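Take a look at the structure below.
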Amino acid sequence: MNTVQTVPEFLEAIKRATAISAREESEEEPYKFHYEAADVLRSALGEPPLLATSNLPGAEAPPTSAPAPAAAESTASDSINAAAKPDGDASSAPTAVDAPSVPAAPSSSGRPSPQALAAAAARIRCGLILLDTDLLPDGEAYVKAGLGTLEAAPGAAEAYLAWLLEAYNALGALYSNRGSHAIALEWLQKAESLYQRVTATGTRHAHLNLPIAGAPKQQQQQQQQEPVTTPLAADKQEQQGAAGDAAAAGVAADGAAAEPGAAAAAAAVPPPELAVAADGGGQAELVELPGCDSDRVQDQYTSTLYFMAQVYANQKLQDRSALYCAATMYRQLAAGKYDLDTWVNNCLQLGGYYAKVNAFGLALYCHAAAQAVVDRDTAAGAELGEDIAANIKLATARVYNLRLAASHAHTVESKHQEFHYPDVSHFPDYLRFPGLAVPSPDSFPWGAAALATTFDAARELLNTGMPYFKEALAYYQLDGWVTDHVGIIMDMSNMYRCLAGFEADPGRAAAMQRCRAQLLEPLSGGLNPEHYPGLSRSIDLELAHVYREISDVRELQAQRSAAAAGAQGPGGGGVSKPDAKVAAAAASAAKYYQRFLSSFLNPATGQLPDRVDPDNEPYFLMASFGLGRMMHKMRAPAAAGGGAGAGAAAGAEGGKAGPDQSYPALVMAAHKHLQWTTEYVKRHKLEDWTREAQAAEELSELLVEQMRLRAMAAASAARKGK
């Protein structure tokens with residue numbers, strides 16, 4: 001029978017195991033030191049060693065390429081890396097570890113004895129170490145076995161706050177990786193609520209209670225003046241009263257930024273079975289465990305906020321996730337515990353999210369904060385990655401791109417725009433990053449004021465954003481950065497598209513569309529379709545849309561010219577210049593529609609699939625019907641009189657994309673494809689496309705009839721010439 005360990009022996013085993021698990025592992029034996037550390041604690045608990053078990057039966061399958069495990073005594077970033085490992089389902093996996101031993105007997109008062117507390121701490125540390133290996137169910141069992149004893153001790157929440165937070169974080173990360181996000185959130189909210197409760201009591205871990213983020217300043221100040229209820233009750237009240245996906249951000253009573261503690265409004269009260277035993281009812285003799293200092297508490301709580309951000313993102317609660325990300329970054333910056341490149345990238349991504357929800361003031365503030373951190377830290381000797389410098393330019397450019405797109409939707413398309421953060425009073429104070437030289441939030445555009453309503457204002461957005469895109473392209477070149485390079489070119493094309501919508505003059509609008517073509521045409525056919533099928537298709541479809549827009553604009557210009565001239569027909573042979581430009585642009589659009597559609601052909605059979613994949617089907621049908629409309633706008637070369645005017649117009653408007661085949665061959669190919677597409681819609685009962693299919697069927701027959709009549713006219717002219 002094993003000898004019962006004393007409290008000092010348990011504590012010494014915990015220290016030894018922690019030191020061993022912190023050693024760097026090898027790729028050949030990725031968990032050797034972690035197993036050895038766990039065995040130190042198992043030995044102290046009177047259990048057989050893991051390393052004596054052949055092949056560690058019952059272990060979950062290790063990752064395909066296991067990274068070096070993080071140290072058990074980890075910082076927030078270490079915990080994050082550890083949590084990223086893949087995980088299996090513990091509910092069905094056998095365990096490689098014997099059932100945890102029964103804790104030492106409680107003291108005469110019914111509370112855990114010092115020996116029981118030390119044994120519980122050993123179990124928790126053993127579990128945390130195993131959670132960094134492939135023995136995830138065993139790690140979970142050890143952590144849970146130790147938690148019950150540690151939580152039951154009066155005063156444990158204060159004395160062992162760092163340990164409890166680390167355990168709850170580890171279980172939250174474990175369940176998150178399993179896809180059990182609701183359970184993960186329960187553990188993390190338990191950590192959040194515990195931290196709030198302990199630190200709100202005036203203890204050595206104390207911090208300010210926090211108002212609801214996203215609430216106007218008047219409401220925040222009113223909250224700060226109200227009497228404070230019990231922490232858990234306050235959490236529940238805030239949760240019920242918070243609107244939308246709001247989370248907490250801190251402001252000191254005098255309005256200055258305070259160190260944030262938690263997103264209180266988003267926190268739910270944990271279920272009773274997860275609640276930590278309340279302090280009071282007398283004091284038990286507590287064991288002084290290693291790693292219980294305030295810095296350790298703060299590191300673990302920062303990890304709590306980070307993990308909650310990830311879980312909320314997995315639950316598609318993006319606004320709440322963004323606020324928890326902001327809280328995490330605030331604390332990292334305030335503590336000086338961050339990697340420059342990582343922090344800046346995270347700040348840019350946060351700004352990117354806000355830009356996508358039309359919170360342009362928040363987005364620009366985030367990017368300004370990122371630049372301020374770069375300026376400050378590089379002045380102090382830190383080095384910034386070249387890609388991070390390019391990302392700052394790119395992120396800023398994309399804010400202006402999204403502002404211009406929202407302006408186009410609002411002003412040109414008359415689409416309602418929602419603003420989750422309509423004015424500066426909704427600024428989340430977690431974003432008031434400490435110690436940074438950042439302009440005041442009210443210096444950035446908020447709500448509808450960020451949108452352009454005139455051509456001049458829209459042009460200003462383009463002229464401001466375009467240089468940032470070009471600077472980013474200097475790094476993200478096509479050779480080596482294909483996806484990023486194409487994405488930037490697409491964004492630049494979109495800015496010209498949106499600006500063209502504000503232009504009333506058809507000629508100038510067509511010129512802006514040609515700027516899009518000049519950006520995109522060098523990429524068409526330049527990518528390997530086997531390696532980049534999606535990008536290749538996107539480029540050709542975008543070019544088809546560009547030339548369709550040019551054709552539509554030129555057609556409008558021709559109609560206006562005809563109306564201005566009193567609808568007088570062309571005087572003399574050949575096609576008028578505006579009509580020739582319409583036809584030339586339509587020919588180019590048809591060219592790129594055909595390229596796009598041809599990418600779906602089976603290389604072996606040359607046939608289209610019976611059913612296009614759901615992601616591409618709408619674009620496939622749109623291109624099919626677009627091809628028919630462009631063919632209708634084209635003109636046969638013979639019917640155009642073969643004059644130099646038509647050819648010159650084609651060269652100006654058609655770019656590099658002339659027809660691959662003769663006009664009759666193009667018409668017949670388009671006719672067959674439109675008939676095939678019509679049958680495709682009927683066969684798969686695509687009701688949303690029925691009207692388009694009917695119109696395409698009529699257009700297909702009209703194209704063939706037009707070609708037949710032109711052929712008859714040409715034959716008649718030839719006979720008269722003889």
Side-chain angles (χ1 to χ4, degrees), residues 67 70 74-84 169 173 213 247-250 257-263 295-296 298-313 318 320-356 359 362-399 427-439 441 444 468 472 475:
S74 58
T75 62
S77 59
D78 294 326
S79 298
I80 291 164
N81 292 334
N169 287 344
E259 178 191 358
D295 286 346
R296 182 71 176 150
Q298 300 305 328
D299 288 345
Q300 287 301 326
Y301 185 61
T302 300
S303 293
T304 300
L305 298 180
Y306 177 90
F307 290 137
M308 292 185 78
Q310 306 310 305
V311 172
Y312 282 129
Q318 301 300 336
R320 190 172 297 183
S321 174
L323 286 165
Y324 274 85
C325 284
T328 304
M329 294 169 60
Y330 184 113
R331 292 175 60 84
Q332 290 172 336
L333 198 65
K337 296 181 179 180
Y338 62 93
D339 173 78
L340 177 59
D341 286 3
T342 302
W343 195 95
V344 170
N345 251 348
N346 288 339
C347 198
L348 296 177
Q349 290 174 13
L350 185 62
Y353 163 73
Y354 284 126
K356 289 178 181 178
L362 281 177
L364 291 171
Y365 184 91
C366 287
H367 298 162
Q371 187 63 59
V373 172
V374 169
D375 293 342
R376 184 190 66 183
D377 289 9
T378 53
E383 293 186 2
L384 183 70
E386 188 179 358
D387 59 326
I388 307 301
N391 288 345
I392 294 175
K393 303 296 184 184
L394 181 56
T396 304
R398 283 180 169 156
V399 172
F427 185 85
D429 286 283
Y430 270 139
L431 288 177
R432 295 185 187 274
F433 297 124
L436 296 183
V438 183
F444 297 100
Y468 287 110
Y475 177 80

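The model shown is predicted, which means the values in this text are computed figures rather than measured ones.
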Exercise. Does one side chain, of Asn345 or Gln349, offer a donor that lies under 3.5 Å from an acceptor on the other?
Worked result: no
For this session: Assign the ring pair Trp343 / Phe433 to parallel, tilted or perpendicular, where the plane angle (0 to 90°) is split at 30° and 60°.
Result: perpendicular
Problem set entry | Minimum side-chain heavy-atom gap Leu364-Pro439 below 4.5 Å | no
For this session: Can you measure from CG (Leu436) to CG (Asp375) and round to the nearest 0.5 angstrom?
Result: 10.0 Å
Exercise. Is the closest side-chain heavy-atom distance between Leu348 and His367 below 4.5 Å?
Worked result: yes
Exercise. Taking C-beta and beyond as the side chain, do Ile388 and Asn391 meet within less than 4.5 Å on heavy atoms?
Worked result: yes
Problem set entry | Contacts of type ring-ring contact (aromatic ring centres under 6.0 Å, His included), residue Phe444, not counting sequence neighbours | none
Problem set entry | Close side-chain approach of Leu431 and Tyr354, heavy atoms under 4.5 Å | yes
Exercise. Are any side-chain N or O atoms of Arg398 and backbone N or O atoms of Gly352, one a donor and one an acceptor, separated by less than 3.5 Å?
Worked result: no
Problem set entry | Donor-acceptor contact present, side-chain Asp341 to main-chain Gly385, <3.5 Å | yes
Exercise. Which is it for Phe427 and Tyr365 under the ring pair (Phe, Tyr, Trp, His ring centres under 6.0 Å) test, yes or no, and what are the steps along the way?
Worked result: CA-CA 10 Å; Phe427 185 85; Tyr365 184 91; 4.8 Å; yes
Exercise. Looking at residues at least two apart in the chain, or sitting in another chain, which of them share a side chain to side chain donor-acceptor pair (under 3.5 Å) with Tyr338?
Worked result: Arg376, Asp377
Exercise. Atom CZ of Phe307 and atom OG1 of Thr328: how far apart are they, to the nearest 0.5 Å?
Worked result: 10.0 Å
Problem set entry | Atom pair CD (Gln300) and CG (Asp295), whose distance is rounded to the nearest 0.5 Å | 12.0 Å
